[in-house]
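Data first, discussion second: the structure below is written as structure tokens.
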Protein chains: 2
Amino acid sequence: MVKRTSFEGDSCPIARSLEALGDWWSLLIIREALFGVRRFGEFQSKLGMAKNILSTRLRSLVDHGILATAPASDGSAYQEYVLTPKGRGTFPILVALRQWSEAFDDHPEEIATILVDREKGRPVKKLEMRAEDGRLLSPADTTLKPRPAPRRRSA
Amino acid sequence: MVKRTSFEGDSCPIARSLEALGDWWSLLIIREALFGVRRFGEFQSKLGMAKNILSTRLRSLVDHGILATAPASDGSAYQEYVLTPKGRGTFPILVALRQWSEAFDDHPEEIATILVDREKGRPVKKLEMRAEDGRLLSPADTTLKPRPAPRRRSA
DNA sequence: CTTGTGTGGTTGCATCATAAAACCATATGC
DNA sequence: GCATATGGTTTTATGATGCAACCACACAAG
């Protein structure tokens with residue numbers, strides 16, 4: 001097989017997520033969708049990407065349950081692409097990417113926008129990793145454990 | 001230009017981060033590096049990827065300041081690839097990807113590992129977005145603001 | 001010093017994905 | 001009915017990917 005290697009069967013959850021949204025465009029399409037974009041042409045003009053690729057990506061995102069097609073909305077008999085809960089669940093990923101750029105980009109002055117708390121207009125805090133009891137965790141405070149075997153009902 | 005479109009000049013921080021780590025392998029290489037992998041052959045055998053592509057990706061990650069080459073470490077006169085602070089800063093991104101899989105994957109039973117608090121052995125909490133004052137924020141509670149103009153010193 | 005072996009890559013193709021533009025189908029406006 | 005906008009698909013060229021083979025260097029044994 002010379003195809004791009006698929007991570008579908010991989011047991012690593014990071015690889016599995018990249019299978020769905022690890023290409024050049026998917027996360028940007030989701031970003032636009034989170035801003036309320038729903039129509040093919042709107043995605044295409046805002047992202048400036050080729051229409052065939054947009055078409056492929058939208059289909060892939062629908063197949064992965066990240067977007068769903070809705071029959072219409074404003075009367076016109078066309079199709080719309082709306083985020084599913086799974087799609088909206090990518091929000092922390094986008095925030096993490098944004099914060100990484102804000103923290104480490106070599107030219108942060110080129111970043112045009114900041115994510116703020118709507119109520120106060122102040123930047124949101126950096127994402128933090130915490131234990132169940134609320135302790136702040138650094139990467140070194142964490143480790144990987146094998147997943148417990150699936151619990152079979154009765155025996 | 002028929003090349004893969006570059007997001008380098010884009011003003012969106014998400015696009016900018018994808019420029020550095022938005023391809024199929026970079027985040028997985030970083031994942032291994034966070035586990036302590038440093039040598040070419042070790043990356044290659046653990047990830048099962050072609051060596052030329054690994055070579056290209058490592059160079060790209062070094063160029064982006066995510067990895068750095070260290071002259072040696074165990075005496076053998078070869079090179080090592082170690083994460084920079086910028087590279088270690090991707091940790092929240094990987095956690096976000098992992099948690100998204102854990103929450104939304106269609107076959108979660110295939111996920112082999114869980115990320116736990118090393119001290120207690122309990123799963124880490126989901127990443128939360130909070131305001132400066134600690135209020136928990138949903139996506140709808142946030143908005144984007146234009147970045148304030150760069151502050152020039154004196155005038 | 002020569003041979004062998006392991007590590008760390010680079011080079012050559014064959015194949016796949018991507019991109020731009022042209023084309024097409026359906027709606028909508030006039 | 002005709003022009004035009006929307007929402008795509010098809011065509012074709014080129015870049016990226018994947019596999020295998022090859023090469024360079026270090027080190028060790030003979």
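In what follows, chains carry the letters A, B, and so on, assigned in the order in which the sequence lines appear, proteins first and then strands, with residues in each chain numbered from 1. The structure presented is a predicted model; accordingly, all values stated were derived computationally and were not measured.
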To the nearest Å, how far apart are [X] [atom1] and [N] [atom2]?
X       : N      : atom1 : atom2 : result
B/Asp23 : C/dT18 : CG    : C1'   : 15 Å
A/Met49 : C/dA20 : CE    : C1'   : 13 Å
B/Gln79 : C/dG6  : CD    : C1'   : 17 Å
B/Leu47 : D/dC19 : CG    : P     : 13 Å
A/Trp24 : C/dT18 : CH2   : P     : 11 Å
B/Ile53 : D/dC19 : CD1   : P     : 8 Å
B/Ile29 : C/dG9  : CD1   : P     : 12 Å
A/Leu28 : C/dT18 : CG    : P     : 14 Å

Q. Touch check for A/Phe43, heavy atoms < 4.0 angstrom, all strands: base, sugar-phosphate only, or nothing?
A. nothing
Q) With a non-hydrogen cut-off below 4.0 angstrom, is B/Gln44 in contact with a base, only sugar-phosphate, or nothing? A) nothing
Q) Parallel, tilted or perpendicular: which describes the rings of A/Trp25 and B/Phe7, with under 30° parallel and over 60° perpendicular? A) perpendicular
**Q.** base_contact_polar (C/dG8 base, B/Asn52 side chain, donor-acceptor, <3.5 Å)
**A.** no
Q: Report yes or no: is there a donor-acceptor pair, N or O only, under 3.5 Å between the side chain of A/Tyr78 and the base of D/dG8?
A: no
**Q.** B/Lys51 side chain, from C-beta outward: closest of C/dT18, C/dG8, D/dT9
**A.** C/dG8
Q) Which nucleotide sits closest to the side chain of B/Ala50: C/dG9, D/dG7, D/dC19? A) D/dC19
Is the distance from OP1 or OP2 of [N] to the nearest side-chain N or O of [X] less than 4.0 Å?
X       : N      : answer
B/Arg39 : C/dT7  : no
A/Ser55 : D/dG8  : no
B/Trp25 : D/dG18 : yes
A/Arg59 : D/dT9  : yes

Q.
I'd like to check B/Leu47 versus B/Glu32 (side-chain heavy atoms, cut-off strictly below 4.5 Å). Are they in contact?
A. yes
Q. Hey, are B/Asp117 and B/Arg122 close enough for a salt bridge, meaning a charged N less than 4.0 Å from a carboxylate O?
A. no
Q. Can B/Lys120 and A/Asp133 be counted as an ion pair, charged N to O under 4.0 angstrom?
A. yes
**Q.** Within residues 91-103 of chain B or reaching into it, pairs that qualify as side-chain hydrogen bond (donor to acceptor under 3.5 Å, both in side chains) - sequence neighbours excluded
**A.** B/Arg98-B/Glu102, B/Arg98-B/Thr113
